[in-house]
2 protein chains.
Amino acid sequence: MKKKKKNENSSKIFLGHDHGVCFGDAITQIEDYFIKKKLQLTPLRRKVFEILIEDHKPLGAYEILEKLGKTGFSSSPPIAYRVLDFLIEHGFVHKVQGLNGFIACSNPNHSHFPTFVICRKCEKVAEVSEEKSGLNLPSPEISNFKIEKTTIELTGICSTCENAEIR
Amino acid sequence: MKKKKKNENSSKIFLGHDHGVCFGDAITQIEDYFIKKKLQLTPLRRKVFEILIEDHKPLGAYEILEKLGKTGFSSSPPIAYRVLDFLIEHGFVHKVQGLNGFIACSNPNHSHFPTFVICRKCEKVAEVSEEKSGLNLPSPEISNFKIEKTTIELTGICSTCENAEIR
DNA sequence: AGTTAGTGTGTTATGTTATAACATGTAATG
DNA sequence: CATTACATGTTATAACATAACACACTAACT
Ligand SMILES: [Zn+2]
Ligand SMILES: [Zn+2]
Ligand SMILES: [Zn+2]
Ligand SMILES: [Zn+2]
């Protein structure tokens, strides 16, 4: 039972998971949050969030629009951008700047300066929480600056792709 | 001599400087680098770099193009983007993702995972070096991931603007 | 000299991402 | 039932970025 250890603990952050559970949990979380905050989880908002959580990889606004169109919603750009802004504001979606994409948060109910780790080869994207990223904000040097929002994205190559590369 | 201490050491990163020196140094640095690497610091490349270092705040590609046009260069988009890509590749320019802007590096000849600190009110942007940012990459959690490029941008409000706000 | 390859710039056209401005519908408030 | 707030819809356009091709210049070989 101790075989094949070598690659098992590399890049845990990119590991798979039970997506049925993941999806269900996420829906429950957003429902609870919206009730608590007396916000409307409308069919459109729910649908956008579902689209994102289904894939849970970054999607472009126009990809989302296309999927919306296929389910009977309007697919003009402001529809997507407005809902996305709203979901971002409430911490259920993040924008991945480097990809002009939007992704469902992998852990809402959380103080939130997330790091995104992006493999440029397999294009997997992992959200790493503040505590685990090793990024300690803020430093003394910038301590007088009041951080409201962070964009932290690490692009490179994951261990799976690295190992697969012919050298 | 101990008066007015309170605000003096806030947000040093946004402090002013002797821009004549700054500009001259930057030009010298890029000249030296290009010679050493046997690259061509053509009039166009030099001009783009000068435009950026003159303001040393982020400019959009189309703003740069406008300035290029006024000095006799072509001002069609690929001109700017190509030169910017080249200067970025060699570490003399950075892209500020959150602003779709480009800014001259404040310290080339440097291992380079810079942090940008952006005041959303006065729109000042400061580049903080790796060592000073307090961001220690990578963490154990992501140590199997080979980081090639980082985007680290902290948006918020600087102490000057903070103090100016009526509460 | 003539050919070839590499590099830098120019041009046209088009693709992609995002927002402005205005219109409509619906529900809660007074 | 007017007023307000909010959610969605629509049209048009702005802002950002790249593809594809053309041409000039230099260096290096044949
Ligand atoms: Zn998150
Ligand atoms: Zn990968
Ligand atoms: Zn820099
Ligand atoms: Zn400020």
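Throughout, a chain's letter reflects where its sequence line sits, starting with A, and its residues are numbered from 1.
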Out of dG8(C), dA7(D), dA18(C), which has the shortest distance to the side chain of K95(A)? dA18(C)
Give one of base, sugar-phosphate or nothing for S76(B), where a contact means two heavy atoms less than 4.0 Å apart. base
Which part of the nucleic acid does R82(A) contact within heavy-atom distance under 4.0 Å: base, sugar-phosphate only, or nothing? base
When only distance counts, do a donor and an acceptor, one from the side chain of Y62(B) and one from the base of dA14(D), lie under 3.5 Å apart? no
If you measure from the Lys or Arg side-chain nitrogens to the Asp or Glu carboxylate oxygens, is any gap between E31(B) and R46(B) under 4.0 Å? yes
When rounded to the nearest 0.5 Å, the distance separating CD1 of I53(A) from CD1 of I27(A) is 7.0 Å
Output field: ring centroids Y33(B)/F92(B) closer than 6.0 Å: yes
Sugar-phosphate only, base, or nothing, as touched by L44(B) at under 4.0 Å among non-hydrogen atoms: sugar-phosphate
Of the listed nucleotides (dG10(C), dG9(D), dA20(C)), which one gets closest to any side-chain atom of P78(A)? dA20(C)
What integer distance in Å separates L65(A):CG from dT10(D):C1'? 13 Å
Using the side-chain heavy atoms of P77(B), tell me which of these nucleotides is nearest: dT11(C), dT18(D), dT10(D). dT18(D)
Between C1' on dT7(C) and CD on Q40(B), what's the gap in Å once rounded to a whole number? 7 Å
dG8(C) C1' sits how many Å from L68(B) CG, rounded? 14 Å
The side chain of R45(B) is closest to which nucleotide in this list: dT11(D), dA17(D), dG8(C)? dG8(C)
Closest-nucleotide 5' rank along DNA chain C - winner of Y81(A) and F86(B): F86(B)
With a 4.0 Å cut-off on N to O distance, would you call K37(B) and D32(B) a salt bridge? no
Can you tell me the distance, in whole Å, between the CZ atom of F73(B) and the P atom of dT11(C)? 13 Å
Atom CG of L84(A) and atom C1' of dA7(D): how far apart are they, to the nearest Å? 15 Å
Whole angstroms only, please: what is the NE2-P distance between H90(B) and dT7(C)? 11 Å
Nucleotide dT17(C), atom P - distance to CZ of F102(A) in whole Å: 10 Å
If I take atom CG in residue D85(B) and atom P in nucleotide dA17(D), what distance separates them, rounded to the nearest angstrom? 10 Å
Please report whether the ring centroid of F102(B) lies less than 6.0 Å from that of H94(B). no
Contacts of P43(B) and N100(B) projected onto DNA chain C by closest heavy atom; the upstream (5') one is P43(B)
